[in-house]
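Worksheet: one structure, shown below.
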Amino acid sequence: MPRVSLLAGLFLFACTVHAQTIFAAASLKNALDEIVVGFDNEKNTKAIVSYGASPALAKQIESGAPADIFISADLDWMDYVEKKGLVAPGTRKDLLGNRLVLIAPAKQPMKLRPAPGFPISAALKNGRIALAEPNSVPAGKYAKAAFEKLGVWDQISGKVAAAENVRAALLLVARGEAPLGVVYQTDANSEPNVMVAGVFPADSHPPIVYPVAALKGAKAAAAPFLEFLASPASRRVFEKYGFTVH
């Protein structure tokens with residue numbers, strides 16, 4: 001390789017560095033993937049995003065995983081990380097909101113209106129309802145809270161197909177392996193093989209809030225990325241996928 005080309009290649013390699021590692025709730029994948037591409041192109045960087053259930057990501061951060069930014073699907077798991085002293089002071093903010101919906105396979109459409117005492121058990125028949133793990137994963141916790149508020153949790157608690165995260169619950173319904181499931185509106189929007197069977201009343205569960213923060217020891221590039229998340233360009237992407245922006 002000619003010397004000038006080699007030097008140019010080394011310069012490009014030096015400039016294109018890993019901006020940061022982002023740990024993000026699984027339900028953010030479609031929107032955040034698009035936002036990260038825009039950020040990388042603008043800043044000539046290469047961010048790495050690791051998606052998963054918020055509790056699993058929080059525990060990995062606690063165990064020393066090399067993350068720079070954390071976006072949780074609820075306040076509790078961000079609180080957990082912050083109480084461990086792992087959040088960079090002054091960087092935490094509420095980023096997004098979402099809605100909770102009941103879904104069915106697109107090939108087996110169903111309509112139900114989540115309301116006090118609604119016939120969810122009869123609709124399931126002998127099937128199971130796909131939820132993210134209801135005792136720890138945010139989407140599952142919101143779902144359990146909603147079913148409890150509507151007075152039907154006791155009817156379905158023995159029929160739960162608990163999934164690792166909300167996207168895994170979505171997949172169970174998309175494949176027709178569960179006749180019903182509970183996910184975020186944005187998840188339902190992203191999967192053509194499911195249909196929205198009903199929308200949960202906003203007051204049936206705690207507000208769905210996605211907080212974001214830089215973590216202690218984060219790379220310097222984390223700050224520009226947090227700014228980019230709050231930009232009009234990012235707002236348009238989040239809203240396109242169905243999130244509300246704080």
Side-chain angles (χ1 to χ4, degrees), residues 10-98 132 136-139 141 164-167 184 186 207-241 243-246:
L10 289 173
F11 176 76
L12 180 62
F13 177 78
C15 291
T16 307
V17 296
H18 291 312
Q20 63 276 306
T21 299
I22 304 154
F23 276 18
S27 51
L28 290 164
K29 180 169 174 49
N30 299 73
L32 197 58
D33 278 353
E34 187 170 327
I35 287 168
V36 165
V37 168
F39 178 77
D40 286 348
N41 289 340
E42 181 177 306
K43 304 294 185 182
N44 195 32
T45 60
K46 181 62 179 174
I48 297 173
V49 188
S50 178
Y51 295 102
S54 297
L57 298 174
K59 293 295 181 67
Q60 289 173 36
I61 291 166
E62 182 185 12
S63 298
D68 300 293
I69 289 172
F70 179 39
I71 313 176
S72 173
D74 74 353
L75 299 173
D76 290 347
W77 286 106
M78 184 63 80
D79 289 345
Y80 179 90
V81 171
E82 189 165 30
K83 287 172 183 175
K84 298 290 182 180
L86 299 172
V87 168
T91 64
R92 176 176 174 172
K93 65 168 288 186
D94 292 343
L95 181 65
L96 302 168
N98 214 328
S136 61
V137 179
K141 289 163 60 182
E164 179 183 2
N165 57 56
V166 70
R167 286 300 174 97
Y184 300 121
T186 52
I208 298 171
V209 180
Y210 291 70
V212 60
L215 299 169
K216 257 195 176 158
K219 299 181 188 71
F225 185 76
L226 290 176
E227 291 176 9
F228 193 79
L229 283 178
S231 69
S234 293
R235 183 186 188 99
R236 286 192 293 271
V237 173
F238 282 129
E239 289 178 342
K240 178 177 76 172
Y241 285 96
F243 291 97
T244 55
V245 180
H246 285 264

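The structure displayed is predicted, hence computed values, not measured ones.
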Hydrogens and angles aside, do N98 and Y210 bring a side-chain donor and acceptor to less than 3.5 Å of each other? yes

Donor-acceptor pair between Y80 and S72 side chains, under 3.5 angstrom: no

Reported [atom1]-to-[atom2] distance for the pair [X] and [Y], which is rounded to 0.5 angstrom:
| X | Y | atom1 | atom2 | result |
| --- | --- | --- | --- | --- |
| K84 | E62 | NZ | CD | 4.5 Å |
| T21 | I48 | OG1 | CD1 | 4.5 Å |
| Y241 | R236 | OH | CZ | 14.0 Å |
| S54 | K59 | OG | NZ | 12.5 Å |
| E82 | T91 | CD | OG1 | 8.0 Å |
| L86 | M78 | CG | CE | 11.0 Å |

Evaluation steps, side-chain contact (heavy atoms from CB on, under 4.5 Å), between L57 and Y51: CA-CA 8 Å; L57 298 174; Y51 295 102; over 6 Å; no

Which pair of non-hydrogen atoms, one from [X] and one from [Y], has the smallest distance, and what is that distance?
| X | Y | result |
| --- | --- | --- |
| A132 | N165 | CB-C, 3.8 Å |
| A31 | V237 | O-CG1, 3.6 Å |
| L95 | F238 | CD2-CZ, 4.2 Å |
| V137 | E164 | CG2-O, 3.6 Å |
| A47 | D40 | N-OD1, 3.2 Å |
| A213 | V87 | CB-CG1, 3.7 Å |

With a 4.5 Å limit on heavy-atom distance, are the side chains of [X] and [Y] in contact?
| X | Y | result |
| --- | --- | --- |
| P55 | P138 | yes |
| F225 | T45 | no |
| N30 | R167 | yes |
| K93 | P211 | no |
| I69 | F23 | no |

Answer yes when D68 and K216 have at least one side-chain N-carboxylate O distance shorter than 4.0 Å, and no when they do not. no

Looking at V212, V49, L96, which one forms a side chain to side chain contact (heavy atoms under 4.5 Å, CB included) with I71? V212

Would you check if the side chain of [X] reaches a backbone N or O of [Y] as a donor-acceptor pair within less than 3.5 Å?
| X | Y | answer |
| --- | --- | --- |
| Y184 | A139 | yes |
| D74 | W77 | yes |
| S234 | A230 | no |

Go through the steps to decide whether D94 and L75 satisfy the test side-chain contact (heavy atoms from CB on, under 4.5 Å), and finish with yes or no. CA-CA 9 Å; D94 292 343; L75 299 173; 3.7 Å; yes

Counting the benzene-type ring for Trp, do F39 and F228 have ring centres under 6.0 Å apart? yes

Working for side-chain contact (heavy atoms from CB on, under 4.5 Å), residues I61 and L215: CA-CA 9 Å; I61 291 166; L215 299 169; 3.8 Å; yes

Can you sort out the partners of E239 under side chain to side chain contact (heavy atoms under 4.5 Å, CB included), two or more places apart, ordered by chain and number? R235, V245

Worked check of side-chain contact (heavy atoms from CB on, under 4.5 Å) between R92 and D79: CA-CA 10 Å; R92 176 176 174 172; D79 289 345; 2.8 Å; yes

Taking salt bridge (Lys or Arg N to Asp or Glu O under 4.0 Å) as the definition, give me every residue that meets it alongside K240, ordered by chain and number, with sequence neighbours left out. E34

